[in-house]
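Here's the structure, in structure tokens; my notes come after.
Every heavy atom of this structure was used, including side-chain atoms; hydrogens, water molecules and symmetry mates were not.
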Amino acid sequence: MATDADEAPLLADEPLRPGSCSRELELREFRDRYVFRSLDGGGAFAVARSDGSLRPLSAEEAAAGSDCKVSKIYGVAGMIRLLAGSYVLVITSRKDAGSYGASTVYHANSMKFLCCNEAIKHLTSEEKRDEAYFMSLLRIAETTCGLYYSYDRDLTLNLQRASKLAAGRVHKPLWKQADPRFVWNRNLLEELIETKLDEFITPLIQGSFQTEQFTLKDRLVRITLFSRRCNRRLGTRMWRRGANLEGATANFVETEQLVEYEGLTSSFIQVRGSIPLLWEQIVDLSYKPRPSIIEHEEMTKVVERHFHDLSQRYGDTMVIDLTDKQGDEGNLSNAFAAEMQNFPDIRYVHFDFHHICGGGNFDNLQVLYDEIEEAIQKQGYFLMNSKGEILLDQSGVVRSNCIDCLDRTNVTQSFLARKSLDSQLRRMGALSSAESISQSDSINDKFKKLWVEHGDELSLEYAGSYALKGDLVRYGRQTLPGLIKDGMSALSRYYLNNFHDGVRQDALDLISGYYTVSKSSSSPFQIIGFESAPYLPVASAIIVGGITVTTFTLSQVGRSAQHLISSIIFAGLTAGVVALVKANGKQLCSRPRLCGLI
């Protein structure tokens, strides 16, 4: 993959193609304004540093003035208004991630908010405190991972959907072509849209983009794995579970596997998403908090809205539920299965992944495939030739879920994708009816690498850590290094989910517009309960200190009765603090300040 240093320089004043946006911009930072000038032969605009007001500029106005700092940026990702003014999000570095069709796809390596907040000096002390918290959330948003974009192609639509739309749509601005569900920065684009700065608007897609190529019969085959994460219930692992009242689910991701061979292009779509019930799983310092179903009279309607949306977009839907049949997961799974009985036209398949694939035996997924093979072959995949003529359509979609829709889901989706890849390559003439990519170690390893990296990227976006069970995808079994890596990832998830994700959820709620800042909105510091930051370190210190002193005094018990009494006192104090921490686990964890769960 190439970085900016590897890219050929663009010619100044090279005209923009209709429907594309500026690839490179000159940013000029004056004391009173920011000036953005397209280096692609486009226009320019200014943002006032006092209040964030926008103004299109002529070429002469854009070139005026010299007392400024000049730098190059690679896109404008939007604006957001807080109490003291506006903040402009720009892409400061990028990486060539590959190509989708004939268009280059870039990964946003780094981003930065430019401050237009001179009014901060007029805020009250409480408003300054609130603004400081909001600005800290913007700094978290700057580090968002897995953001991809193109300057001349809408990446939000899969190949089948895009091929069915009118050809004239490609001449519209990219933001008008895009499916708003998959535009991560959709809320940040409003002011740029209102000011008609179309050529500067860069839609970003959060997800994963991986590509590999190999040869079959001396012909090049390219596989692209592209996932698009929905923004309608954006959030972190423990603070966004299940569905909202509109039927949008947490961690909903559309994954497209593209295959290109000898002028033919094929696309296979799968989706994943949290169990579409109203449920929560509040962190409480335990390793695995208990999921809880929220009783609501709209529950069946929520499920109906979710699957109606899927059927409208993808056709027939088959549900694969990978959760445990026993324990807390079993209660949630049973409730899901009971709701699905209200929808006889939707096939629901339960597959207890942990039980059937216990011991890390990936090959046992063949049991699942044998059960659903006929339905998957009936749904098929999309295929078109070099002339754009459609040869095959995908008539439905498989919707997979576990609890997180990460590890078990990724393993299962990779298994189904490999089966589909064999079918696609056979139809294209790259494989005979008796051949499979699994017969070639080098090709099979490249395919597995795609899905391992894909799983890691989606896991980082939702849970903050690498995916578990990567060994099952890469090797078909669990290995000792894989177990160690999974253990480290599990500890990382525990820490982030309990002590960091509340703030990260606030950042996502702010960026997505789920929470809107205004003078009349309540302060994020108007919360009830403990603040985890001051209390948890003290409690931890008392517990560790108590255990240490108790252990030491117990070793001295034989010398005097006083040591025995001291041991009992310190042991009792430690046990009391442990009980207090356990009883107040939910209050001691990092919790969102801005929005509720549903």
Side-chain angles (χ1 to χ4, degrees), residues 4 10 12-14 16 21-94 108 110-123 127-128 130-132 134-139 141-142 149 151 173-175 185-204 510-511 513 516-519:
D4 292 323
L10 291 169
D13 299 326
E14 181 182 342
L16 287 172
C21 55
S22 297
R23 296 171 179 269
E24 294 183 357
L25 297 94
E26 180 185 75
L27 171 63
R28 310 181 78 199
E29 301 180 43
F30 294 91
R31 293 183 62 184
D32 63 338
R33 69 193 184 280
Y34 295 107
V35 173
F36 299 84
R37 185 174 73 88
S38 171
L39 298 178
D40 305 336
F45 71 99
V47 183
R49 299 183 74 155
S50 59
D51 59 2
S53 57
L54 294 166
R55 184 169 66 92
L57 299 177
S58 65
E60 293 75 17
E61 290 175 313
S66 58
D67 186 16
C68 63
K69 175 184 175 183
V70 180
S71 58
K72 183 186 290 186
I73 60 173
Y74 300 96
V76 180
M79 293 181 67
I80 188 169
R81 287 195 177 272
L82 303 181
L83 295 173
S86 293
Y87 299 80
V88 185
L89 182 61
V90 298
I91 301 169
T92 53
S93 70
R94 68 188 180 191
S110 61
M111 302 186 296
K112 179 183 178 182
F113 274 101
L114 305 176
C115 301
C116 306
N117 60 350
E118 291 183 3
I120 196 168
K121 56 192 174 186
H122 302 302
L123 299 181
E127 289 174 335
K128 287 180 180 178
D130 292 349
E131 187 78 354
F134 295 139
M135 290 176 67
S136 73
L137 300 183
L138 296 187
R139 287 192 289 273
E142 288 175 345
Y149 64 99
Y151 295 108
L174 281 181
W175 70 266
N185 56 331
R186 183 64 181 84
N187 178 65
L188 302 179
L189 301 178
E190 293 297 334
E191 290 199 48
L192 297 174
I193 291 172
E194 290 176 7
T195 317
K196 295 181 170 53
L197 296 171
D198 292 342
E199 68 183 88
F200 296 100
I201 297 175
T202 309
L204 300 176
L510 182 64
I511 290 297
T516 304
V517 176
S518 67
K519 292 282 187 179

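The closest side-chain heavy-atom distance from Glu118 to Ile120 is not below 4.5 Å. Residues Ile193 and Ile201 form a side-chain contact, since some pair of their non-hydrogen atoms from C-beta on lies under 4.5 Å apart. Two residues are said to be in side-chain contact when any heavy atoms from C-beta on lie closer than 4.5 Å; Tyr74 and Leu25 fail this criterion. The shortest distance between side-chain heavy atoms of Phe113 and Met135 does not fall below 4.5 Å. Taking 4.5 Å as the limit, every side-chain heavy atom of Leu174 sits out of range of all side-chain heavy atoms of Tyr149. A heavy-atom distance below 4.5 Å is not found between the side chains of Lys196 and Pro56. By the 4.5 Å heavy-atom criterion applied to side chains, Leu204 and Ile91 are counted as neighbours. Side chains of Cys116 and Met79 form no contact here, defined as non-hydrogen atoms less than 4.5 Å apart.
Of the inter-residue distances, the one linking Ser22 atom OG with Ile73 atom CD1 reads 9.5 Å to the nearest 0.5 angstrom. Rounded to the nearest 0.5 angstrom, Ser518 OG and Arg81 CZ are separated by 13.0 Å. Remark: Phe200 CZ to Thr195 OG1 distance equals 11.5 Å, nearest 0.5 Å. With rounding to the nearest 0.5 Å, the separation of SG in Cys115 from CG in Leu138 is 8.0 Å. Here the straight-line distance linking atom CZ of Arg37 with atom CG of Leu57 works out to 11.0 Å at 0.5 Å rounding. Here the CZ-NZ distance, from Arg139 to Lys112, works out to 12.5 Å after rounding to the nearest 0.5 Å.
The shortest non-hydrogen separation linking Gly78 to Leu192 is CA-CD1, 3.9 Å. Among all heavy-atom pairs drawn from Glu191 and Ser86, the shortest one is OE2-OG, 4.3 Å. When all heavy atoms of Gly43 and Glu199 are compared, the closest pair comes out as N-OE2, 2.8 Å. For the pair Ser71 and Glu29, the tightest heavy-atom approach, listed with the atom from each and the gap, is OG-OE2, 4.2 Å. Counting all heavy atoms, side chain and backbone alike, Ile511 lies closest to Ala141 at CG1-CB, 3.6 Å.
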Please report, to 0.1 Å, the donor-acceptor pairs under 3.5 Å made by any side chain of residues 44-51, with sequence neighbours excluded.
residue : atom : partner : partner atom : Å
Arg49   : NH1  : Phe30   : O            : 2.7
Arg49   : NH2  : Tyr34   : OH           : 3.2
Asp51   : OD1  : Ser53   : N            : 3.1
Asp51   : OD1  : Ser53   : OG           : 3.1

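Residues passing the side chain to side chain contact (heavy atoms under 4.5 Å, CB included) test with Val517 are Leu82, Leu83, Phe134, Leu510, Tyr515, sequence neighbours excluded. Applying the side chain to side chain donor-acceptor pair (under 3.5 Å) criterion to Arg55, with sequence neighbours excluded, gives Glu61. Partners of Glu190 according to the salt bridge (Lys or Arg N to Asp or Glu O under 4.0 Å) rule, which considers only residues two or more places apart in sequence or in another chain, are Arg186. Applying the salt bridge (Lys or Arg N to Asp or Glu O under 4.0 Å) test to Lys69 and every residue at least two apart in sequence or in another chain returns nothing. Checked against salt bridge (Lys or Arg N to Asp or Glu O under 4.0 Å), Glu131 has no partners two or more places apart in sequence or in another chain.
Remark: side-chain polar atoms of Asn185 are paired, donor with acceptor, to backbone N or O of Thr202 under 3.5 angstrom. With hydrogens and angles disregarded, a donor-acceptor distance shorter than 3.5 Å links the side chain of Thr92 to the backbone of Ser110. Asn117 contributes no side-chain N or O that, together with a main-chain N or O of Gly85, makes up a donor-acceptor pair within less than 3.5 Å. A donor-acceptor contact shorter than 3.5 Å links the side chain of Arg28 to the backbone of Ala62. Distance alone, capped at 3.5 Å, places no donor-acceptor pair between the Glu24 side chain and the Lys72 backbone.
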Using the rule given for side chain to side chain contact (heavy atoms under 4.5 Å, CB included), can you reason through Leu114 versus Leu27, listing the C-alpha separation, both sets of side-chain angles and the distance that settles it, and then say yes or no? CA-CA 11 Å; Leu114 305 176; Leu27 171 63; 3.9 Å; yes
Side chain to side chain contact (heavy atoms under 4.5 Å, CB included) between His122 and Glu127: does it pass, once the steps are laid out? CA-CA 9 Å; His122 302 302; Glu127 289 174 335; over 6 Å; no
Full working for side chain to side chain contact (heavy atoms under 4.5 Å, CB included) between Val90 and Phe36: CA-CA 10 Å; Val90 298; Phe36 299 84; 3.8 Å; yes
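Summarising the local packing, CG of Asp32 is surrounded by more than 12 heavy atoms from other residues, nucleotides or ligands at distances under 6.0 Å.
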